[in-house]
Student: 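First, the structure itself, so that you have it in front of you.
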Amino acid sequence: MEEISYSQALAELQKIVETLQNPGCDVDKMVALTSRAAELLKLCRSRLTTTEEQLQAALAALAAPSC
């Protein structure tokens with residue numbers, strides 16, 4: 001998967017949802033869009049997990065007693 005930002009992935013997901021909600025959406029297009037959405041969701045989850053881990057590490061470092 002290409003490198004895109006979390007915001008870009010989220011915006012693309014929103015467009016995919018709008019397209020899939022259209023009653024006239026072609027079945028073949030649905031398959032491709034659903035596959036792309038799964039890739040984007042995986043990217044977003046990964047970014048959120050990484051961010052959460054970094055925040056927890058930063059907070060733990062702040063809470064550690066200083067010498």
Side-chain angles (χ1 to χ4, degrees):
M1 177 179 244
E2 75 277 9
E3 258 321 292
I4 63 173
S5 71
Y6 178 85
S7 296
Q8 290 170 319
L10 191 57
E12 188 175 342
L13 276 167
Q14 290 171 335
K15 287 180 184 178
I16 288 172
V17 168
E18 289 172 9
T19 302
L20 291 174
Q21 289 176 334
N22 181 346
C25 187
D26 179 76
V27 171
D28 293 324
K29 190 173 184 178
M30 280 184 192
V31 171
L33 289 173
T34 302
S35 177
R36 177 63 177 163
E39 292 175 6
L40 292 167
L41 285 169
K42 184 177 177 182
L43 180 142
C44 288
R45 282 190 193 124
S46 175
R47 296 272 171 88
L48 288 171
T49 299
T50 300
T51 300
E52 181 181 22
E53 289 167 354
Q54 290 172 343
L55 287 171
Q56 288 177 352
L59 290 172
L62 288 172
S66 58
C67 297

Student: Quick one: does Thr50's side chain have a donor or acceptor within less than 3.5 Å of a partner on Ser46's backbone?
Tutor: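 Yes, the answer is positive, given that a donor and an acceptor are paired below the 3.5 Å cut-off.
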Student: Using a 4.5 Å cut-off on heavy atoms from C-beta on, say whether the side chain of Glu18 contacts that of Asn22.
Tutor: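 Counting from C-beta outward, Asn22 and Glu18 never come under 4.5 Å.
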Student: Do Lys29 and Leu20 make a side-chain contact, defined as non-hydrogen atoms from C-beta onward lying under 4.5 Å apart?
Tutor: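 No, every pair of side-chain atoms sits at 4.5 Å or beyond.
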Student: Can you list everything that forms a side chain to side chain donor-acceptor pair (under 3.5 Å) with Thr49? Sequence neighbours excluded, please.
Tutor: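 Here no residue qualifies.
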Student: Please report the interatomic distance OH(Tyr6) to CG(Leu43), rounded to the nearest 0.5 Å.
Tutor: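 The OH atom of Tyr6 sits 9.5 Å away from the CG atom of Leu43.
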Student: Looking at Arg47 and Glu3, is any side-chain nitrogen of the basic one under 4.0 Å from a carboxylate oxygen of the acidic one?
Tutor: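 Answer for the salt bridge query: yes.
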Student: For the pair Lys15 and Glu12, find out whether any cationic side-chain nitrogen is under 4.0 Å from an anionic carboxylate oxygen.
Tutor: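 Here Lys15 does not pair with Glu12 in a salt bridge, since their nearest N and O are not under 4.0 Å apart.
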Student: Determine, using the 4.5 Å side-chain heavy-atom cutoff (strictly less than), whether Leu13 and Met30 are members of one ILVMFWY cluster.
Tutor: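 Hydrophobic grouping puts Leu13 with Met30.
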Student: Taking all non-hydrogen atoms of both residues, which atom of Leu10 and which atom of Cys44 are closest, and how far apart?
Tutor: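 That would be N-SG, 4.4 Å.
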Student: Is there side-chain contact between Ile16 and Leu40, with heavy atoms separated by less than 4.5 Å?
Tutor: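 Ile16 vs Leu40: side chains touch.
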Student: Do the side chain of Gln56 and the main chain of Glu53 share a donor and acceptor less than 3.5 angstrom apart?
Tutor: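 Not at all, since once roles are kept as given, no pair shorter than 3.5 Å links the two residues.
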Student: Applying a strict under-4.5 Å side-chain criterion to I, L, V, M, F, W and Y, I'd like to know whether Ile4 and Val17 cluster together.
Tutor: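 Different hydrophobic clusters.
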Student: For Thr51, enumerate each residue passing the side chain to side chain contact (heavy atoms under 4.5 Å, CB included) test, keeping only those at least two apart in sequence or located in another chain.
Tutor: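 Thr51 satisfies side chain to side chain contact (heavy atoms under 4.5 Å, CB included) with Leu55 once adjacent residues are dropped.
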Student: Before you tell me yes or no, could you show the steps for Glu39 and Lys42 under salt bridge (charged side-chain N to carboxylate O under 4.0 Å, His left out), namely the whole-Å CA-CA distance, both residues' side-chain angles and the distance that decides it to 0.1 Å?
Tutor: CA-CA 5 Å; Glu39 292 175 6; Lys42 184 177 177 182; over 6 Å; no
